[in-house]
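Values in this document were obtained by computation on a predicted structure and should not be read as measured data. As the structure lists them, so they are numbered: ligands from 1, and atoms in each ligand from 1.
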Amino acid sequence: MTRKKLIAGNWKMNKTSAEAVALALEIVQAAGKQSEVDIVVCPPFTALESVSKAVDGSLVKLGAQNMHFEASGAFTGEVSAPMLRAFFATHVILGHSERRSLFGETDELVNRKVLAALKNQLRPIICVGESLAEREAGSTLKVVQAQTEKALEGVSRELAPAIIIAYEPVWAIGTGKVATTEQAQEVHAFIRGILTKLLGEALAQRVRILYGGSMKPANAPELLAQKDIDGGLIGGASLEARSFLELVRAAAGAA
Ligand code: 13P
């Protein structure tokens with residue numbers, strides 16, 4: 001089974017609306033017509049509308065970095081899936097380790113968000129990954145299993161093909177320390193095994209599993225050549241068109 005590679009840029013809390021449009025336009029100009037690799041950009045909420053217009057008519061897709069699980073209501077400071085859909089967003093990052101560690105998101109909350117995203121035709125990019133302490137304690141697989149199983153609780157087989165998993169070892173995020181290809185492939189294969197158990201072989205083979213954590217043009221080709229690594233969720237290297245586009249090319253080369 002060949003899965004189409006996906007390169008997603010998580011811009012985190014960077015870029016004003018104008019800066020985000022400039023970056024999005026550079027990406028659209030250079031890669032907006034290529035169809036070998038799926039490209040998703042995830043600007044902050046404040047730039048979703050402007051970036052939506054910038055990518056309109058191209059193959060570059062729009063994602064958000066978070067959302068609330070309710071459709072509307074008294075949730076000051078939050079945004080909902082229908083609001084994201086109104087900007088033509090197609091993807092949403094959920095359960096990023098920064099949301100979990102800095103904003104107290106639990107596995108249960110992530111699960112509610114996953115179900116809400118699917119209900120609203122948004123593809124959730126579900127982030128899982130162990131901390132340094134957890135890796136050193138030898139509990140990487142246990143942590144990743146618990147996060148993955150809980151996030152997917154109640155996901156129907158019918159909607160399962162829409163999900164995307166991102167394995168992001170917390171110790172590799174923004175640190176310049178990338179997981180070795182063996183470390184990454186081991187966890188990706190393990191996640192594929194969990195998906196097989198939950199959804200069956202055929203569906204598990206369709207779900208894309210991205211790697212995230214200091215992915216750069218220099219280390220991407222080797223990571224993307226691994227059997228179960230289907231793309232990347234990119235932080236730092238997605239903030240400049242040049243490095244982001246190099247990652248898209250690396251993914252095309254590994255397709
Ligand atoms: P970096 O690529 O900056 O390490 O960030 C990875 C990440 O958190 C993407 O969601």
Using a 4.0 Å heavy-atom threshold (strictly under), name the region of L233 that reaches ligand 1: side chain, backbone, both or neither. both
Polar-atom distance check: K12 versus ligand 1, any N or O pair below 3.5 Å? yes
Which ILVMFWY residues can you reach from V40 by hopping between side chains whose heavy atoms are under 4.5 Å apart? L6, I93, I125, I164, L210, L233
How does A172 reach ligand 1, if at all, at less than 4.0 Å between non-hydrogen atoms: by side chain, backbone, both, or neither? backbone
Numbering the atoms of ligand 1 from 1, which are under 4.0 Å from a heavy atom of N10? 9 (C), 10 (O)
Who's the nearest protein heavy-atom neighbour of atom 2 (O) of ligand 1, and how far? G235 N, 2.9 Å
Taking all non-hydrogen atoms of both residues into account, name the closest pair between S214 and G176 and its distance. OG-N, 2.8 Å
Apply the salt bridge (Lys or Arg N to Asp or Glu O under 4.0 Å) test between D230 and each candidate in R208, K4, R3; give the one that qualifies. R3
Those atoms of ligand 1 less than 4.0 Å from some heavy atom in H96: 7 (C), 8 (O), 9 (C), 10 (O)
Verify whether one side chain among E130 and Y167 offers a donor that lies under 3.5 Å from an acceptor in the other. yes
Proximity flag A237 to ligand 1, non-hydrogen atoms under 4.0 Å: no
When you check the gap from the basic side-chain N to the acidic O, do K197 and E149 get nearer than 4.0 Å? yes
Against heavy atoms of G174, which atoms of ligand 1 measure under 4.0 Å? 1 (P), 3 (O), 4 (O)
min-distance protein heavy atom vs atom 9 (C) of ligand 1 -> E168 OE2, 2.9 Å
Geometric N/O contact G213 with ligand 1, under 3.5 angstrom: no
Among protein heavy atoms, which sits nearest to atom 3 (O) of ligand 1, and what does the distance come to when rounded to 0.1 Å? G236 N, 2.8 Å
So, the side chain of N111 versus the backbone of E153: is there a donor-acceptor pair under 3.5 Å, distance only? yes
Between E201 (side chain only) and A204 (backbone N and O only), is there a donor and an acceptor less than 3.5 Å apart? no
Donor-acceptor contact below 3.5 Å, side chain S50 vs main chain V21: no
